[in-house]
Each structure stands twice: as C-alpha cells, then as structure tokens.
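A quick write-up on the structure given underneath.
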There are 2 protein chains.
Amino acid sequence: MQDSVDHILRQWRDARPDLDCSAMGVVGRLGRVSSIWRKQIDTAFDQHELSGIEFDILATLRRSQVPLTPTELYQTLMLSSGAMSTRIEKLVQRGFIERIASEDDRRSCKVMLTEPGQQKLDAALQDHLDNMEVMLEALNKDERLQLANLLKKVLLHSR
Amino acid sequence: MQDSVDHILRQWRDARPDLDCSAMGVVGRLGRVSSIWRKQIDTAFDQHELSGIEFDILATLRRSQVPLTPTELYQTLMLSSGAMSTRIEKLVQRGFIERIASEDDRRSCKVMLTEPGQQKLDAALQDHLDNMEVMLEALNKDERLQLANLLKKVLLHSR
DNA sequence: TATTGTTATACTCTATAACTATA
DNA sequence: TATAGTTATAGAGTATAACAATA
C-alpha cells in the first residue's frame with residue numbers, strides 16, 4: 001500500500017538517484033500526520049468557540065489546579081508576554097478566567113479559572129479526548145504504545 | 001525517564017482521575033516533536049533565505065522534472081490560488097522560477113525552475129537532508145522504519 | 001535598576017472575493 | 001458561463017519594544 005510520501009520518495013529517486021532521502025519517510029510523514037491532526041483538533045475546539053491556544057491556557061490552569069501568573073503561562077506555552085496578555089484579556093472578557101491581584105507583589109497577578117471557564121474546558125476536553133480516539137483508530141493498543149515510546153525517545157533526545 | 005508529556009499526564013491523573021488521557025501520550029508527543037522539528041527545519045531553510053513554502057514550491061518542481069501550472073502547485077501544496085500567486089511572484093522576482101505562457105490556452109502558464117533556482121533548491125535540499133539526519137539521531141535504522149510504518153498506517157487510515 | 005504585565009506598532013501570512021483575459 | 005491566474009482587501013496571529021507601576 002502506497003501513501004503520498006511513497007509517491008514523493010519515488011519522484012526523488014527518479015530525479016535525484018544520488019541522494020538518500022530515506023529520512024523524509026519519517027520526517028515527512030510525521031509532518032503530514034501533524035498537519036492533519038492539527039486541523040481535526042482545531043475543528044473540535046471550534047465547536048466550543050476556542051482556539052488551540054485558548055484551550056491550552058484553560059487546560060493548563062485546570063490540570064495545575066492552582067492559579068498561575070501570566071509569566072508562568074507564557075513560559076509554559078512558549079508564547080511572548082504580549083501575545084499572552086492579549087489572550088488572557090479575551091478570556092477574561094468572555095468570563096472564563098479572572099485576574100487575582102497578588103498580595104505580596106503589587107505588579108503581579110494570578111490567573112484563575114472561573115466556574116463557567118472550568119465547565120467550558122471540561123466540555124471541550126471531553127470532546128478532545130473522544131476526537132483523539134478517532135484519530136488513533138488505525139492503531140491498536142500495542143501500536144499506540146510503540147508510537148508513543150518512539151516519539152518519547154525523540155523528545156528526550158531533543159531536549 | 002520522564003518527558004514533558006509524562007508530567008502533563010500525571011497532572012491530569014491528579015486533577016481528573018476519572019478521565020482516560022492515554023491518547024494524549026501519542027497525540028501530544030507527536031505535536032511536540034512536530035513543533036520542534038518544524039523550527040529546526042525552518043532554521044535550515046532560513047540559511048538559504050527560503051520559507052518552508054518557498055522550499056516546497058522549488059522542491060515540487062525539482063522532483064517533478066517538468067514545469068507545473070500554478071493550479072497544480074496550489075492543489076499539491078494545499079494553498080489558495082491567491083496565496084500561491086503571491087509566492088510565485090516573489091520567486092520570479094528573485095530569479096528562481098520563470099512563467100512560461102501556454103501555447104494552447106492563453107489564460108494559463110507553466111512555472112519552471114531556472115538554473116539559479118535549481119542550484120538554490122539543491123543546496124537547500126542537501127542541508128535539509130543533513131538536518132533531518134540530526135533530527136533522527138535518537139533512533140536507529142530499525143526504529144526509524146517502525147516509526148515511518150506506524151505513521152504510514154495513520155496516514156492511510158486518514159485519507 | 002530590574003521585573004511584571006499591558007499596550008501599541010508593525011509584520012507575516014492567509015483566505016476570500018473581485019477582476020481580467022480567455023475558453 | 002466557466003476557468004486560469006492575479007490583485008486587493010481584510011483578518012488572524014505574532015513578536016518587539018515602549019510603557020507604567022512596583023520591587
């Protein structure tokens with residue numbers, strides 16, 4: 001069975017038989033899966049009127065179980081402080097989070113999930129989990145574990 | 001050995017012990033690897049003053065070995081016609097591609113690599129291949145094949 | 001002086017749709 | 001009428017840096 005990457009690899013073999021393009025078989029496929037999954041994930045978030053980053057902010061707060069500062073959030077989610085401020089403000093306006101002024105340091109604040117924010121996240125999270133199960137349908141339990149372990153190996157090496 | 005996704009999974013287990021978040025172990029890791037690799041790939045392209053899409057356009061023309069129409073290019077690379085026109089014009093201005101008017105259909109044209117364009121692509125491609133070898137360092141031959149095959153299984157199921 | 005968080009600015013990239021020329 | 005390709009417009013998202021308040 002041939003996929004789109006096999007087709008590309010064949011074209012390269014014809015056009016540049018001198019090159020070893022085997023790495024593309026891995027990197028190219030991972031990029032394509034990521035792109036397809038990204039769209040599918042965003043479609044699920046769309047139904048809750050959340051962007052991927054808005055979901056990530058709410059989810060980070062939810063699983064931490066404690067309020068976090070904007071600085072902690074932008075460092076965790078690898079965004080600039082300015083981009084995080086804008087995102088936070090939009091979520092505040094929609095009533096999903098609140099800023100709580102710090103008592104020790106009057107420059108700082110903590111960002112906390114509101115009750116509607118938690119409900120919004122929990123609903124989106126459930127759909128997200130269901131969605132991921134569909135995305136993984138092609139693989140059985142053992143293959144999922146294999147894939148996770150190979151990716152973990154790459155991650156631990158990259159860091 | 002624990003990676004960042006293990007940490008997130010542990011947080012979810014504490015905050016929402018009722019949920020099965022195991023799919024995140026696969027999908028989350030794939031997203032992270034993709035994001036890390038994407039940056040590393042773009043860094044290599046940057047050194048040749050090419051964006052990822054500009055590289056893709058030149059590479060598509062190179063491995064096809066024949067001129068392609070803008071329509072074929074935007075369908076292959078999944079961009080809008082407008083976005084493709086803009087990209088093509090920039091590459092024409094830099095002398096990497098040329099538009100050849102069609103003789104049969106005067107609305108249409110073919111996009112062809114110039115000699116400098118081919119040299120630019122070949123240089124960027126060599127660096128890209130070297131770069132991918134580094135990205136895959138963590139995995140041996142057999143593991144790379146396993147990873148490619150698992151991803152291919154996902155791809156064939158998604159299509 | 002340094003740091004926290006916000007705001008203003010400018011930039012990149014895109015899709016959409018209007019548009020021209022041709023089929 | 002439909003199609004190929006271009007152009008104009010507007011929108012989303014970002015990083016950067018200027019900024020105000022506080023440490």
Side-chain angles (χ1 to χ4, degrees), chain A residues 31 34-36 38-39 41-43 45-58 60-61 66-94 96-112, chain B residues 31 34-36 38-39 41-43 45-46 48-58 60-61 66-94 97-112:
Chain A
S34 170
S35 162
I36 291 169
R38 178 78 266 154
K39 281 173 201 145
I41 289 168
D42 284 342
T43 300
F45 292 160
D46 276 350
Q47 289 165 2
H48 296 270
E49 295 166 295
L50 292 175
S51 70
I53 286 182
E54 286 170 336
F55 176 86
D56 285 342
I57 293 171
L58 299 181
T60 302
L61 293 168
V66 292
L68 299 172
T69 64
T71 300
E72 288 168 331
L73 283 171
Y74 79 67
Q75 286 172 352
T76 302
L77 299 178
M78 295 191 293
L79 273 186
S80 67
S81 60
M84 183 54 72
S85 271
T86 308
R87 293 287 142 194
I88 288 174
E89 183 53 29
K90 291 218 173 168
L91 289 170
V92 167
Q93 279 169 17
R94 294 170 69 189
F96 297 147
I97 57 177
E98 278 173 358
R99 292 191 190 86
I100 306 165
S102 164
E103 293 169 3
D104 328 333
D105 183 341
R106 289 202 295 177
R107 293 171 304 181
S108 185
C109 67
K110 299 254 187 193
V111 176
M112 190 181 93
Chain B
S34 169
S35 163
I36 291 169
R38 179 77 265 153
K39 280 172 201 145
I41 288 167
D42 285 342
T43 300
F45 292 160
D46 276 351
H48 296 271
E49 295 167 295
L50 292 175
S51 70
I53 286 182
E54 287 171 335
F55 175 86
D56 285 343
I57 293 172
L58 299 182
T60 302
L61 293 169
V66 292
L68 300 173
T69 64
T71 300
E72 287 169 331
L73 283 171
Y74 80 69
Q75 286 173 350
T76 302
L77 299 177
M78 294 191 292
L79 273 187
S80 66
S81 60
M84 183 54 71
S85 271
T86 308
R87 292 287 142 194
I88 288 174
E89 183 52 30
K90 292 220 172 166
L91 290 170
V92 168
Q93 279 170 16
R94 293 171 69 190
I97 57 178
E98 280 173 358
R99 291 190 190 87
I100 306 165
S102 164
E103 293 170 4
D104 329 331
D105 184 341
R106 289 202 297 177
R107 293 169 305 180
S108 184
C109 67
K110 299 254 186 193
V111 176
M112 190 182 93

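In what follows, every chain begins at residue 1, and chains take the letters A, B, ... in the order their sequences are listed. Since the model is a prediction, treat every value here as computed from it, not as a measurement.
- In this structure, the CG atom of A:Leu68 is 15 Å from the P atom of C:dT4, given to the nearest Å.
- Scored by the side-chain contact (heavy atoms from CB on, under 4.5 Å) test, A:Glu98 finds A:Met112, A:Thr114 as partners (sequence neighbours excluded).
- At a threshold of 4.0 angstrom between heavy atoms, the contacts of B:Ser102 with the nucleic acid are absent.
- Not counting sequence neighbours, B:Glu49 has no partner by the side-chain hydrogen bond (donor to acceptor under 3.5 Å, both in side chains) test.
- Taking atom CE of residue A:Met84 and atom C1' of nucleotide D:dT14, one finds them 13 Å apart after rounding to whole Å.
- Nucleotide C:dT3 holds its C1' atom 14 Å from the CD atom of A:Glu72, rounded to whole Å.
- For A:Leu77 and D:dG13, the CG to P distance is 15 Å, given to the nearest whole Å.
- Atom CD of B:Glu89 is separated from atom P of C:dC13 by 16 Å (rounded to the nearest Å).
- One finds a salt bridge joining A:Arg99 and A:Glu89 here, because a Lys/Arg side-chain nitrogen approaches an Asp/Glu carboxylate oxygen to under 4.0 Å.
- If you check C:dT4, C:dT6, D:dG13 against the side chain of A:Ser108, the one that comes closest is C:dT4.
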What does the B/S/- profile of nucleotides 15-23 of chain D look like, 5' to 3', with a 4.0 Å heavy-atom cutoff to protein?
BB----BBS
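- With rounding to whole Å, A:Asp42 atom CG is found 10 Å from D:dG13 atom P.
- A:Asp46 is linked by a side-chain contact (heavy atoms from CB on, under 4.5 Å) to nothing, counting only residues two or more places apart in sequence or in another chain.
- Legend: residues meeting side-chain contact (heavy atoms from CB on, under 4.5 Å) with B:Ile36, ordered by chain and number and at least two apart, are A:Leu155, A:Ser158, B:Gln40.
- Among the protein residues, B:Ile88 comes within range of no part of the nucleic acid, since none of its heavy atoms lies under 4.0 Å from any strand.
- One can place CG of A:Leu50 at 12 Å from P of D:dG13, the figure rounded to the nearest angstrom.
- Taking B:Arg38 as the reference, B:Ile41, B:Asp42, B:Phe45 meet the side-chain contact (heavy atoms from CB on, under 4.5 Å) condition, with sequence neighbours excluded.
- Counting to the nearest Å, the C1' atom of C:dT14 and the CZ atom of B:Arg87 are 9 Å from each other.
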Full working for side-chain contact (heavy atoms from CB on, under 4.5 Å) between B:Leu73 and B:Val111:
CA-CA 9 Å; B:Leu73 283 171; B:Val111 176; 4.1 Å; yes
